Amino acid sequence: MFPRRWRFGWDRHTEVDLFTDRHETSAQTLSQAIRAAAAEEPDADGSVLFGHLQGTVVGLRYYTGVVNQGEMVGLVRQPQNPYDSNAVMVANIYGNQVGHIKRELAAAMASIMDRNLAKVEGVVHSGTKNSFTMPVMISFWGKEENKTTVTEIMTRRGYKLNTGSRPTGANQKPNNSQGARALASKKGLTIALTAEELKNAFDNLFEGLMESKDGEKEAAKAVGTPLLLHQKQALSWMCARENKSTLPPFWEKRGELYYNSLTCFSAKEIPERVRGGILADDMGLGKTLTTIALILTNFHKGKPLPVEKCEEQASPVKGKTKPPTASRLEGSISAGDRAGVSDAAAGSLSSHLPQVEVISVDPPDVAEIVGKTDKSTSKGKMKATKRKPSKEAPVLLEDLDFAAALGGSASDSGSKKKKTATKSAPTPSVESFITESADDLSARTTLIISPLSVLSNWLDQFEQHVRSNVKLNVYLYYGSDRNRSKRFLSSQDVVITTYNVLSADFGNKSPLHEINWLRVVLDEGHIIRNPNAQMSKAVLGLKTQRRWILSGTPIQNSVKDLWMLLAFLRLKPFDVREWWNRVIQRPVTQGDRDGLQNLQTLVRCITLRRTKGSKVNGRPLVCLPDKTVCVEQVELSQSEREEYELARNEGRSTISRYVAEGTVLRNYADVLAILMRLRQHCCHPDLLAKTSADLGAAATPAELRERLIEKLRLVLASGSDEECSVCLDSVRLPVITHCAHVYCRPCIAQVIGTEQNVARCPLCRSEIKTNELVEFPQEEMEEEKSTNSEKWRTSSKVQALMGNLLRVRCEDSSIKCLVVSQFTRFLSILETPLREHGFTFVRLDGTMSQKRRTQVIQEFQSSAADSPAVMLLSLKAGGVGLNLTAASRVFLMDPAWNPATEEQCIDRCHRLGQTRNVVVTKFIVKDSVEESMVKIQRQKQDLVEKAFGSTNTDRKTSRIDDIKALMEL
DNA sequence: ACCGCCGGGTGCC
DNA sequence: ACCGCCGGGTGCC
């Protein structure tokens with residue numbers, strides 16, 4: 001009798017769940033259980049298929065979960081099951097239980113699952129209509145080293161793992177490479193992608209994800225800054241993603257059911273929509289502004305956020321001073337403001353005047369509600385909790401935005417005619433609406449989570465882009481005295497905090513995790529890519545209706561990075577790691593084209609990305625001012641020329657000897673040093689001092705090596721831009737091999753890694769080992785800056801630069817200049833004449849701390865009268881993101897091997913935000929190695945443009961050719 | 001009759 | 001479950 005009674009208990013339990021909250025509790029608890037199990041989900045990477053076997057799902061009649069033909073099911077251990085501690089539950093995608101695995105098999109599986117020896121997965125191919133049992137295909141995946149153990153365990157219990165090819169996924173599609181190849185031969189289908197193709201596919205995954213049909217949308221009136229065309233498109237897209245109830249990718253309606261074509265799962269209820277997405281525009285295209293516009297434009301039901309308007313225009317919002325009237329709100333609002341964020345921002349936050357008036361853009365019902373709730377809360381601020389949907393919801397077609405929202409598409413650009421709105425708003429289909437009942441209209445607040453470093457930027461941008469007469473409640477949730485009142489926070493329009501604060505609060509009665517947000521925005525969302533990080537968990541724990549990720553670089557390393565983003569967006573069913581792994585990650589990493597195709601579809605559906613180069617209707621998103629590049633030939637003085645020729649002849653004879661011997665590559669370090677010396681001669685004689693270590697005759701090969709490496713250290717430490725012959729780009733994280741060749745560490749590591757036996761240097765075929773690679777700081781600290789002005793002397797190139805700088809200053813003293821060199825010591829030399837001629841300047845090189853860099857850039861970018869006019873910039877300093885738009889003249893003091901490096905540098909000022917025409921001057925010494933370098937640069941560019949097909953060997957010989965050409969041999 | 005066989009009751013873990 | 005298994009009813013051909 002006992003078991004029977006217990007079964008009643010179990011049944012009653014589920015029944016109670018069904019009664020109380022069908023869609024929440026029962027499904028939720030199970031899916032939570034699965035989610036919890038999935039948290040331990042091992043990485044699918046590197047797992048191999050051990051084999052598969054047919055099993056049986058029993059007890060179907062006790063559960064409500066149904067499955068379709070070909071549907072993937074989850075196999076979840078149930079150690080607490082009172083009948084059998086080995087129990088394995090079978091559940092569908094939504095976490096609804098389907099049944100159990102038959103006892104004996106479950107026992108075998110349990111011993112494997114509990115010891116984490118394999119990940120066990122199920123697919124149901126037939127018998128889905130059965131009432132009592134159904135067959136299930138069970139496959140075992142895990143680390144290679146566990147394969148025999150797993151096979152043994154199963155064999156011991158009488159289960160044989162089949163290893164032949166078989167359908168692994170839904171739809172009987174092969175998603176492992178063997179299967180794919182086997183099929184390929186039969187059906188002429190695709191074969192697995194190569195690693196190369198895969199990498200390219202990732203790189204391009206996010207490219208060009210502009211949904212062309214989305215039209216544009218004007219921002220609400222409260223947005224003071226006019227949006228650019230592409231920003232209106234983004235706004236339109238974002239509003240549509242928040243308002244329209246399009247099914248998530250791979251879901252389709254089949255009769256009464258919603259069906260997922262990848263997992264073959266179907267459900268009666270509409271899958272939870274992703275209300276939000278990834279805005280992955282390039283930096284500088286205005287993600288922040290677009291987001292601010294979204295907040296103000298798309299409140300509930302597609303209407304603008306009800307904002308109060310200040311009667312008086314008195315508040316000097318743009319100023320840095322705190323308005324005197326701020327006192328009332330100050331106490332509550334600015335509690336955390338001062339924790340290190342700019343005064344200007346804090347000023348704006350508390351600058352709202354008490355006298356308020358509802359802006360009339362809102363339909364009457366909303367206005368009324370605002371009026372009512374106004375007094376119900378403290379101090380005249382709006383509170384949203386009492387807000388309720390108005391039943392009648394009068395449709396005001398005068399409200400273009402709203403009409404557009406009704407029509408399910410945004411307004412045409414510029415078509416402001418009311419009749420357009422009326423016409424283009426056909427009877428809205430139920431489909432295109434938010435299910436209003438499911439909407440919590442009481443949610444008001446947008447929570448923005450950002451890295452600390454850009455926190456102040458948000459505040460600045462709110463201030464800059466929100467009309468100064470609009471009272472937007474923005475609260476900075478930061479600092480030890482931050483206001484943790486839920487009531488207070490959820491009455492704000494916007495709450496901004498950092499990832500660190502969020503994760504510090506998490507699990508600690510965090511108010512942020514109890515509030516029902518209207519919208520959560522993750523700025524630089526790619527930083528939450530590690531699902532195990534506390535930060536990520538804290539982000540996933542937030543309750544919100546709409547979710548956005550802003551990121552210029554959504555994928556940093558691999559597909560894996562994407563999961564966290566999809567999980568945050570709650571993209572069903574991939575927010576559960578198992579489905580993501582099974583349907584996307586594993587197929588993709590194994591090179592399955594369908595998997596990649598699915599991934600692309602997935603990403604495409606939720607992402608908008610435009611790059612600086614993107615075009616809309618054939619026109620670039622943003623028009624940059626002109627850029628002119630000119631070369632200025634520099635003639636060496638007689639004494640300089642003599643010194644140069646001396647060095648050249650010496651070097652030439654050495655190198656021609658190497659060429660004759662065919663040992664150029666073996667003596668590469670020496671060759672580079674010779675070239676370096678010549679290049680330094682072209683700039684300034686004093687550059688040579690430290691790099692002229694004499695090679696001399698070395699006693700032992702080891703000693704020789706030592707010296708070669710030392711020589712290379714000097715070459716690289718001087719800031720020279722050298723090329724890695726693996727990636728053919730400028731070396732990044734340079735390392736020197738024992739044979740004295742320079743590569744990027746990742747590049748050479750890959751070369752060594754892919755070699756089965758002994759790895760050989762790509763340049764000279766010497767044996768190389770990882771532990772023999774010599775590393776050094778990217779740019780070594782300059783030796784004491786003893787370029788004392790007494791011994792200081794000029795050079796032709798210095799003269800040429802100074803002439804230009806003086807001329808520019810004479811013509812227009814507001815023009816700022818970048819002076820760029822590969823040689824940081826050259827920059828030091830240049831400081832003397834700059835000072836002499838009264839130029840204010842700053843310097844940016846690789847040795848500076850991140851903090852100092854930002855400081856310098858800020859100083860330089862300032863438009864203040866006493867801000868620096870010149871920046872001395874080391875060619876490789878800073879990343880690509882550097883913004884130096886204050887400058888409009890660029891002087892490239894010396895040519896780089898890699899023209900792309902120069903381009904990158906120029907792009908730091910010729911980019912979004914540049915208002916002036918940019919003039920670039922390259923100084924090239926006539927009849928010198930520099931001229932030859934320019935020639936080679938051009939050839940390289942041609943090569944790159946003609947074909948990517950040049951192999952490594954081609955490049956190696958061309959490197960020798962380069963050197964011969966440089967020395968005119 | 002301490003068996004075989006029949007047929008009804010019953011059924012996940 | 002159109003099964004297997006259990007256990008009661010039954011019993012030559």
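In the text below, chain A, chain B and the rest are named by the order of the sequence lines, each starting its count at 1. Keep in mind it's a predicted model, so treat the numbers as computed, not measured.
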*Which way is the base of B/dA1 turned, syn or anti, if we draw the line at 90° from 0?*
syn
*CZ of A/F132 versus P of C/dC3: gap in Å, rounded?*
13 Å
_Tell me whether the rings of A/W251 and A/Y94 are parallel (<30°), tilted (30 to 60°) or perpendicular (>60°)._
tilted
_No-H, no-angle donor-acceptor pair, A/D84 side chain to B/dC13 base, under 3.5 Å_ = no
*Using atom OH of A/Y62 as one end and atom P of B/dG11 as the other, report the distance to the nearest whole Å.*
6 Å
*To the nearest Å, give me how far apart CG (A/N130) and C1' (B/dC12) are.*
15 Å
*Reckon A/I101 touches a base, only the sugar-phosphate, or nothing at all at heavy-atom distances under 4.0 Å?*
sugar-phosphate
*Round to the nearest Å and state the distance from A/Y83 atom OH to B/dC12 atom C1'.*
9 Å
*Within this structure, what is the CE-to-P distance between A/M134 and B/dC12, rounded to whole angstrom?*
15 Å
*Could you work out the separation of B/dC5 and B/dA1 based on their C1' atoms and round it to a whole Å?*
12 Å
_For C/dC3, give the paired nucleotide (Watson-Crick: N1-N3 plus N6-O4 or O6-N4; G-U: N1-O2 and O6-N3; both under 3.5 Å), or none._
B/dG11
_No-hydrogen, no-angle side-chain donor-acceptor test under 3.5 Å, A/D505 and A/Y477_ = yes
*Send over the distance from A/M109 CE to B/dC12 C1', rounded to a whole Å.*
14 Å
*Going by the side-chain hydrogen bond (donor to acceptor under 3.5 Å, both in side chains) test, which pairs reach into residues 144-158 of chain A, not counting sequence neighbours?*
none
*asked:* Output the rounded distance in Å from CD (A/Q97) to P (B/dC13).
replied: 12 Å
*Can you check salt bridge (charged side-chain N to carboxylate O under 4.0 Å, His left out) on A/E514 and A/K509, steps first, answer last?*
CA-CA 8 Å; A/E514 287 176 38; A/K509 282 182 288 184; over 6 Å; no
*asked:* Rounding to an integer number of angstrom, what distance separates B/dC2 and C/dC13 when you compare their C1' atoms?
replied: 25 Å
*Partners of A/R519 by salt bridge (Lys or Arg N to Asp or Glu O under 4.0 Å), sequence neighbours excluded?*
A/E242
*Which whole-number value in Å describes the distance from A/E104 CD to C/dC5 C1'?*
13 Å
